[in-house]
Protein chains: 2
Amino acid sequence: MVDFYFDFTSPYAYLASERIEVVAARYGRTVRMLPTLLGVAFRQSGQRPLTDIPLKGDYSLRDITRSARHHGIPLTMPGRFPVPTVDAARGVLWLERERPEAVPAYVHAVFRAYFTRGEDISSRDVVAGLLADLGFEREAALAGIGDPAVKEGLRQRVEDSIARGVFGAPFIIVDGEPFWGNDRFEQIERWLAFGPF
Amino acid sequence: MVDFYFDFTSPYAYLASERIEVVAARYGRTVRMLPTLLGVAFRQSGQRPLTDIPLKGDYSLRDITRSARHHGIPLTMPGRFPVPTVDAARGVLWLERERPEAVPAYVHAVFRAYFTRGEDISSRDVVAGLLADLGFEREAALAGIGDPAVKEGLRQRVEDSIARGVFGAPFIIVDGEPFWGNDRFEQIERWLAFGPF
């Protein structure tokens, strides 16, 4: 099992989401897709969204689009960035209960809606629409996102992620070993192939 | 020419300093080693030293030593970290004037003194000792580090680096394209081999 923590508004997490399953499968591992809310971790660690930081922000926008080209992954920075992702994340928690095998398809659908078509994934209607595309009733999806048990499930998930040291995204844990960033795939692959180093 | 910006107290810059010349040489490029003082850029961008940040700090220490092992580069985190590097950086400026061809050997000597033997590179005496190892008179080296023109040269260098967008280390500029971090070598090598992407 490879634990893949992400926030739907993180461009580096989007890039990693398009790469992690292929790498894990190469070594017979499956990926557990675990949404979290970075805003909560950022408040604890005193961080700010990357693109808000003077000097670093300009570079980051350049690095994000260059990294997408480097990996051959389509990406257009959304006009509104970052956005709240609580409803989109609740969609994952709801699917874990209703149809867990649909989680990966949903995660990819949300990331791509935001980072290739600039859709407003902070909107509950947009999220319900993406769930409807997977064959769910729109009304059932809306009710699911608003279900108190789902909300509590996400709250717990975020708390657990912080307890595991997740302070940014993507954050990938393999056999208890933490790897932060889309730029740790070389080390992740080495770990999967040869074990601890 | 490949411009390699660094602060002597940055562990990721140390790792990159042990890799950049080989990569550049593979494509017929030479490396210009440009010390800067990250504290100045950090004040502008509101950043803090990596290891001071809650959650992120613990991970970083783990990632630094794991990355060193991954690349096969000896590294022991110094007991005192980070340290002021203004005198060590002035040593580079003095060498640029006195014996520019000795700059790379000096840069490696300072980094290795700090990151493999835990020497106090914030000490002017230690810096003068490292310059003496390269064949300079100790007294001449001490005078050189304290020379007002050298001090002004470094001040200007730091200002220039910020004007070029250098907010962290290592920061590598190839043909005007900025790359931040020890984890951008794959993209740097692609750029050197095939040009813009």
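Below, read A as the first sequence line, B as the second, and so on, with proteins coming before strands; counting in each chain starts at 1.
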Checklist outcome for this item: Residues Val166(B) and Leu55(A): closest non-hydrogen pair is O-CD1, 4.3 Å

Item to check | Proximal component of Glu186(A), with respect to chain B [non-hydrogen, under 4.5 Å] | outcome: both

Checklist entry - With a 4.5 angstrom heavy-atom cut-off, which part of Arg66(B) approaches chain A: side chain, backbone, both or neither? => result both

Item to check | Plane angle bin for Tyr59(B) and Trp180(A) - parallel if under 30°, tilted between 30 and 60°, otherwise perpendicular | outcome: perpendicular

Item to check | Contact leader toward chain A among Asp183(B), Ile162(B), Ile53(B), where contacts are heavy-atom pairs under 4.5 Å | outcome: Asp183(B)

Checklist entry - Hey, quick one: are Val92(A) and Met1(A) part of the same hydrophobic cluster, counting side-chain heavy atoms closer than 4.5 Å, chains of contacts allowed? => result no

Next on the checklist: Assigning hydrophobic clusters by single linkage (Ile, Leu, Val, Met, Phe, Trp, Tyr; side-chain heavy-atom cutoff under 4.5 Å), is Val40(A) placed with Leu38(A)?
Outcome noted: no

Checklist entry - For Glu137(B), does the CD atom sit with more than 12 other heavy atoms under 6.0 Å from it, leaving out its own atoms? => result no

Checklist entry - Checking Arg69(A) against chain B: side chain, backbone, both or neither under 4.5 Å from a heavy atom? => result both

Checklist entry - Going from NZ on Lys56(B) to CD on Gln47(A), what distance comes out if it is rounded to the nearest 0.5 angstrom? => result 4.0 Å

Checklist entry - How about Phe197(B): does its CZ atom have over 12 heavy atoms from other parts shown lying under 6.0 Å from it? => result yes

Checklist entry - With respect to chain B, which residue among Pro178(A), Gly57(A), Ser67(A) yields the maximal number of heavy-atom pairs within a distance under 4.5 Å? => result Pro178(A)

Checklist entry - Do the side chains of Val126(A) and Phe136(A) join up, straight or via other hydrophobic residues, at under 4.5 Å, putting them in one cluster? => result yes

Item to check | Listed partners of Arg155(A) passing side-chain hydrogen bond (donor to acceptor under 3.5 Å, both in side chains), at least two apart | outcome: Glu152(A), Glu159(A)

Item to check | Atom group of Phe42(A) that falls short of 4.5 Å from chain B, counting heavy atoms | outcome: neither

Next on the checklist: Is there a path of hydrophobic side-chain contacts, each under 4.5 Å between heavy atoms, that joins Leu134(A) and Val150(A)?
Outcome noted: yes

Checklist entry - Which pair of non-hydrogen atoms, one from Gly176(A) and one from Arg62(B), has the smallest distance, and what is that distance? => result O-NH2, 4.1 Å

